[in-house]
Amino acid sequence: MGVAAGPIRVVVAKPGLDGHDRGAKVIARALRDAGMEVIYTGLHQTPEQIVDTAIQEDADAIGLSILSGAHNTLFAAVIDLLRQREAEDILVFGGGIIPEADIAPLKEKGVSEIFTPGATTQAIVDWVRENVRQDSTTGTR
């Protein structure tokens, strides 16, 4: 796998019934300002809609934001759909109100990183830059 052309493409999504998207918009803006292409899906997205968008937009990553407490179900559904659609190369990261005890199980399911309240936008931008398009054998994409 060589270096992908163009900027990193990230879908930022709000799965489920959570109606608060200020944090997702802040992250989307920070990623955009850092030179990434960002596709913001809006509120109340199903896992199917999120995965469809990521595949259609040729995204490198999906950033999920959730405050409703349904992170275990919704994050897992996105990961499962990516596997079913043979799109496991799309990295999934998330943030929001996620209890510390749920982070390790989410990572075991395939979520690459979880950002909790207090994470800086710069930390998220840096993480995306360092981890998206990484080739496991060479450390580059």
Side-chain angles (χ1 to χ4, degrees), residues 1 3-141:
M1 176 188 286
V3 175
I8 293 171
R9 294 178 58 84
V10 181
V11 168
V12 174
K14 291 289 300 180
L17 299 177
D18 183 359
H20 303 280
D21 66 348
R22 183 174 182 191
K25 288 178 177 177
V26 168
I27 298 307
R29 184 173 296 120
L31 295 171
R32 181 205 62 198
D33 291 350
M36 298 176 208
E37 290 185 11
V38 178
I39 300 94
Y40 175 62
T41 63
L43 292 169
H44 311 301
Q45 299 295 295
T46 66
E48 292 83 0
Q49 289 171 314
I50 294 166
V51 170
D52 286 347
T53 299
I55 291 169
Q56 290 168 5
E57 294 289 344
D58 196 24
D60 299 300
I62 298 171
L64 300 172
S65 171
I66 195 158
L67 304 172
S68 68
H71 49 274
N72 289 322
T73 302
L74 294 170
F75 284 26
V78 169
I79 295 289
D80 289 344
L81 286 166
L82 288 170
R83 286 185 182 125
Q84 290 172 21
R85 302 276 304 270
E86 297 180 359
E88 294 174 272
D89 59 326
I90 300 174
L91 192 83
V92 176
F93 64 98
I97 307 299
I98 299 171
E100 187 71 34
D102 291 346
I103 293 174
L106 286 169
K107 287 184 176 183
E108 288 171 14
K109 290 177 184 173
V111 178
S112 296
E113 188 60 84
I114 298 291
F115 297 95
T116 55
T120 65
T121 55
Q122 188 60 54
I124 296 167
V125 166
D126 290 345
W127 184 88
V128 171
R129 280 190 179 139
E130 291 168 10
N131 291 278
V132 172
R133 297 185 181 166
Q134 289 288 328
D135 182 308
S136 61
T137 59
T138 65
T140 61
R141 277 209 182 209

Asks: Might you point out which heavy atoms bring Val51 and Val78 nearest each other, and give the distance in Å?
Replies: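 Heavy atoms only, the tightest pair is CG2-O, 3.8 Å.
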
Asks: Take a 6.0 Å sphere around CD of Gln122 and say whether it holds more than 12 heavy atoms from other residues, nucleotides or ligands.
Replies: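 Enclosed: over 12 neighbouring heavy atoms sit under 6.0 Å from CD of Gln122.
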
Asks: So, taking the atom named CD1 in Ile103 and the one named CD1 in Ile114, what distance separates them when rounded to the nearest 0.5 Å?
Replies: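 Here the rounded value is 6.5 Å.
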
Asks: Looking at every heavy atom in both Gln45 and Ile50, which two are closest together, and how far apart are they?
Replies: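 Minimum heavy-atom separation between Gln45 and Ile50: CB-CG1, 3.7 Å.
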
Asks: May I have the step-by-step check of side-chain contact (heavy atoms from CB on, under 4.5 Å) for Leu67 and Lys14, ending in yes or no?
Replies: CA-CA 9 Å; Leu67 304 172; Lys14 291 289 300 180; 4.3 Å; yes

Asks: Taking atom NE2 of His44 as the centre, report whether more than 12 heavy atoms of other residues, nucleotides or ligands fall under 6.0 Å from it.
Replies: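 For His44, atom NE2 is crowded (more than 12 foreign heavy atoms under 6.0 Å).
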
Asks: Run the side-chain contact (heavy atoms from CB on, under 4.5 Å) check on Thr41 and Gln49 step by step: do they pass?
Replies: CA-CA 9 Å; Thr41 63; Gln49 289 171 314; over 6 Å; no

Asks: Can you give me the closest heavy-atom contact between Ala119 and Ile124, atom names plus distance?
Replies: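 Minimum heavy-atom contact is CB-CD1, 4.4 Å.
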
Asks: Do Asn72 and Leu106 have side-chain heavy atoms sitting under 4.5 Å apart?
Replies: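 Yes - at least one pair of side-chain heavy atoms lies under 4.5 Å apart.
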
Asks: Should Arg85 and Asp52 be marked as a salt bridge (Lys or Arg N to Asp or Glu O under 4.0 Å) after you check the CA-CA gap, both sets of side-chain angles, and the distance that decides it?
Replies: CA-CA 9 Å; Arg85 302 276 304 270; Asp52 286 347; 2.4 Å; yes

Asks: What is the minimum heavy-atom distance between Phe115 and Ala123, and which atoms define it?
Replies: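 Here Phe115 and Ala123 meet closest at CE2-O, 4.4 Å.
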
Asks: Taking atom CG of Leu43 and atom OG of Ser65, what is their separation to the nearest 0.5 Å?
Replies: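 Interatomic distance, Leu43 CG to Ser65 OG, rounded to 0.5 Å: 9.5 Å.
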
Asks: For Val132 versus Ala61, what's the shortest heavy-atom pair and its separation?
Replies: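 Nearest heavy atoms, Val132 then Ala61: CG2-CB, 3.9 Å.
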
Asks: Any heavy-atom pair between the side chains of Ile62 and Leu82 that's under 4.5 Å?
Replies: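 With C-beta onward as the side chain, the pair touches.
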
Asks: Please examine the side chains of Leu31 and Val125, heavy atoms only from C-beta on, and report whether any two atoms are closer than 4.5 Å.
Replies: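 Yes, at least one pair of side-chain atoms sits under 4.5 Å.
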
Asks: Can you tell me how far CG of Asp60 sits from CG of Asp58, rounded to the nearest 0.5 angstrom?
Replies: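 Answer rounded to 0.5 Å: 7.0 Å.
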
Asks: How long is the gap from CD on Glu57 to CD1 on Ile39, to the nearest 0.5 Å?
Replies: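 Answer rounded to 0.5 Å: 4.5 Å.
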
Asks: Look at atom CZ of Arg83 and say whether more than 12 heavy atoms of other residues, nucleotides or ligands are closer to it than 6.0 Å.
Replies: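 It does: Arg83 CZ has more than 12 such atoms within range.
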
Asks: Is there side-chain contact between Arg32 and Glu37, with heavy atoms separated by less than 4.5 Å?
Replies: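 No - every pair of side-chain heavy atoms lies 4.5 Å or more apart.
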
Asks: Between Ala30 and Thr121, which heavy-atom pair has the shortest distance, and what is it?
Replies: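 Heavy-atom minimum between the residues: CB-CB, 3.7 Å.
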
Asks: NZ/Lys107 to NZ/Lys109 distance, rounded to the nearest 0.5 angstrom?
Replies: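 Output value for this atom pair is 14.5 Å.
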
Asks: Using side-chain heavy atoms (C-beta onward) and a distance below 4.5 Å, is Phe75 in contact with Leu64?
Replies: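 Of all side-chain heavy-atom pairs linking Leu64 with Phe75, at least one is under 4.5 Å.
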
Asks: Are the side chains of Ile66 and Pro15 in contact, using a 4.5 Å heavy-atom criterion?
Replies: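 They are in contact (side-chain heavy atoms under 4.5 Å apart), so the answer is yes.
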
Asks: Less than 4.5 Å apart, any side-chain heavy atom of Ile97 and any of Pro117?
Replies: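 A side-chain contact exists here, since the closest heavy-atom pair is under 4.5 Å.
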
